[in-house]
Amino acid sequence: MERPGEELAREGNALLGSDFMKDLTIKCKDQTWKVHKLIVAARMEWFKAALCESEDDDKKEIVLRGPKPVAVDLVIQWIYTRRLGPEFDSDDKLFEASIWLHEGAVFFGDARLMTIVEEKLSEKLDNFADNLADNVEWYAVSEGLGQSYLSDRDATRRAFEGYFRGVTLAYGLKRDWAKELFIRYAPNNQWLIMYNKHFREMANDVCPDYLRDLSVRFVEHVTNPSENEQTPNIWDILPGLPEWYDA
């Protein structure tokens with residue numbers, strides 16, 4: 001038997017996918033969405049205000065000039081289903097999707113949705129950290145019927161591709177809330193990821209600013225006597241630190 005939330009999500013998704021009685025068009029750059037005025041106005045204050053304050057009693061179109069279409073699409077999915085979209089079930093897509101949905105929540109002024117997204121990304125990064133509880137060089141990554149390990153460059157790249165797309169987006173958009181969550185990922189797994197030279201190389205290749213911030217946080221960590229005794233020896237990871245760090 002379906003739970004109430006699951007039934008709402010299923011029916012909302014069916015409504016979104018159907019053209020039945022849709023009476024409003026939302027435009028953002030080169031994309032358009034057909035939606036129901038009643039649903040979007042009832043579930044998001046921004047749309048309620050836009051429709052109620054319009055001088056046009058039969059407003060049929062809203063043009064958005066601020067957000068990216070990907071952010072609008074994720075917000076519309078949320079409005080109809082009250083669930084995070086399928087992107088949030090994918091390790092490869094969740095990191096970017098979290099940031100884009102947060103961008104949409106900011107544009108539409110939905111503080112509750114902002115909090116939900118921040119908590120979801122934080123939870124995902126905590127789970128990522130838990131998976132590295134053992135020596136990260138030998139952390140197993142499922143590969144069909146076998147396994148490969150993060151000591152292998154290709155396995156590391158596959159495991160962290162989606163992660164680093166999220167990092168790149170967070171730094172590109174200069175979103176401090178997301179940057180801080182990604183920076184906290186390393187201390188949350190007791191800095192074990194910093195042992196992995198492939199992770200450090202990827203960080204330097206795709207987002208040097210991220211590796212710099214990790215390195216600064218690490219130096220602050222190891223010079224604080226109150227921090228966890230399980231902090232790695234700085235000499236074990238020093239070759240992977242940015243050139244500007246002078247030991």
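For this chain, numbers begin at 1 and follow the sequence in order.
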Across all chains, not counting sequence neighbours, the salt bridge (Lys or Arg N to Asp or Glu O under 4.0 Å) partners of Glu45 are none
Which atom pairs, donor and acceptor, lie under 3.5 Å between side-chain atoms of residues 104-114 and protein residues at least two apart or in another chain?
{"unit_1": "Asp110", "atom_1": "OD1", "unit_2": "Arg112", "atom_2": "N", "d": "3.3"}
{"unit_1": "Asp110", "atom_1": "OD1", "unit_2": "Leu113", "atom_2": "N", "d": "3.0"}

- request: Could you check if a side-chain atom of Phe47 sits within less than 4.5 angstrom of a side-chain atom of Val35, using non-hydrogen atoms only?
  value: no
- Once the angle between the rings of Phe199 and Phe164 is folded into 0 to 90°, is it parallel (under 30°), tilted (30 to 60°) or perpendicular (over 60°)? tilted
pair Val206-Val167: side-chain heavy atoms closer than 4.5 Å: no
Side chains of His198 and Asp154: does their closest heavy-atom pair fall under 4.5 Å?
-> no
Those residues at least two apart in sequence (or on a different chain) that pass side-chain contact (heavy atoms from CB on, under 4.5 Å) with Asn13 are Thr81
Rounded to the nearest 0.5 Å, the CD1 atom of Ile39 sits from the CG atom of Leu16 at a distance of 8.5 Å
- Task: May I have the step-by-step check of ring pair (Phe, Tyr, Trp, His ring centres under 6.0 Å) for Phe95 and Phe160, ending in yes or no?
- Result: CA-CA 10 Å; Phe95 300 105; Phe160 283 96; 8.8 Å; no
Those residues at least two apart in sequence (or on a different chain) that pass side chain to side chain donor-acceptor pair (under 3.5 Å) with Arg217 are Glu180
Output for pair (Cys52 SG, Lys59 NZ), nearest 0.5 Å, gives 12.0 Å
**Flag side-chain contact, heavy atom, 4.5 Å: Trp33 against Leu64** = no
Subject >> Test item: Ser18 side-chain N/O and Ala14 main-chain N/O as donor-acceptor pair under 3.5 Å >> reply: no
Taking atom NZ as the centre, does Lys93 end up with more than 12 heavy-atom neighbours from other residues, nucleotides or ligands that are less than 6.0 angstrom away?
no
Sorted by chain and number, sequence neighbours left out, salt bridge (Lys or Arg N to Asp or Glu O under 4.0 Å) with Glu118 holds for none
Contact between Tyr163 and Leu125 at the side-chain level, heavy atoms closer than 4.5 Å - yes or no?
yes
Contacts of Trp177 meeting ring pair (Phe, Tyr, Trp, His ring centres under 6.0 Å) (sequence neighbours excluded), chain-then-number -> His102
Rounding to 0.5 Å, atoms CG (Leu15) and CD1 (Ile79) come to a distance of 13.0 Å
I'd like to check Leu94 versus Lys120 (side-chain heavy atoms, cut-off strictly below 4.5 Å). Are they in contact? yes
Using a 4.5 Å side-chain heavy-atom cut-off and chaining through intermediate ILVMFWY residues, the residues clustered with Val63 come out as none
Residues pairing under salt bridge (charged side-chain N to carboxylate O under 4.0 Å, His left out) where one sits in residues 164-177, two or more places apart or in two chains, turn out to be Asp92-Arg165, Glu96-Arg165, Glu103-Arg175, Asp176-Lys179
Please tabulate, for side-chain N and O atoms in residues 24-32, each donor-acceptor pair with protein atoms closer than 3.5 Å (sequence neighbours left out).
{"unit_1": "Thr25", "atom_1": "OG1", "unit_2": "Lys34", "atom_2": "NZ", "d": "2.8"}
{"unit_1": "Lys27", "atom_1": "NZ", "unit_2": "Glu61", "atom_2": "OE1", "d": "3.3"}
{"unit_1": "Lys29", "atom_1": "NZ", "unit_2": "Pro67", "atom_2": "O", "d": "3.4"}

Excluding Leu38, membership of its hydrophobic cluster (Ile, Leu, Val, Met, Phe, Trp, Tyr; side-chain heavy atoms within less than 4.5 Å) reads none
Residues passing the side-chain contact (heavy atoms from CB on, under 4.5 Å) test with Asp91, sequence neighbours excluded, are Lys124
Contacts satisfying ring pair (Phe, Tyr, Trp, His ring centres under 6.0 Å) that involve residues 62-89 (not counting sequence neighbours) are His36-Tyr80
Side-chain H-bond candidate by donor/acceptor type, Tyr171 with Asp213, under 3.5 Å
yes
**OP:** Using modelled atom types only, decide if a donor and an acceptor are shared between the side chain of Arg82 and the backbone of Gln77 within a distance under 3.5 Å.
**Re:** no
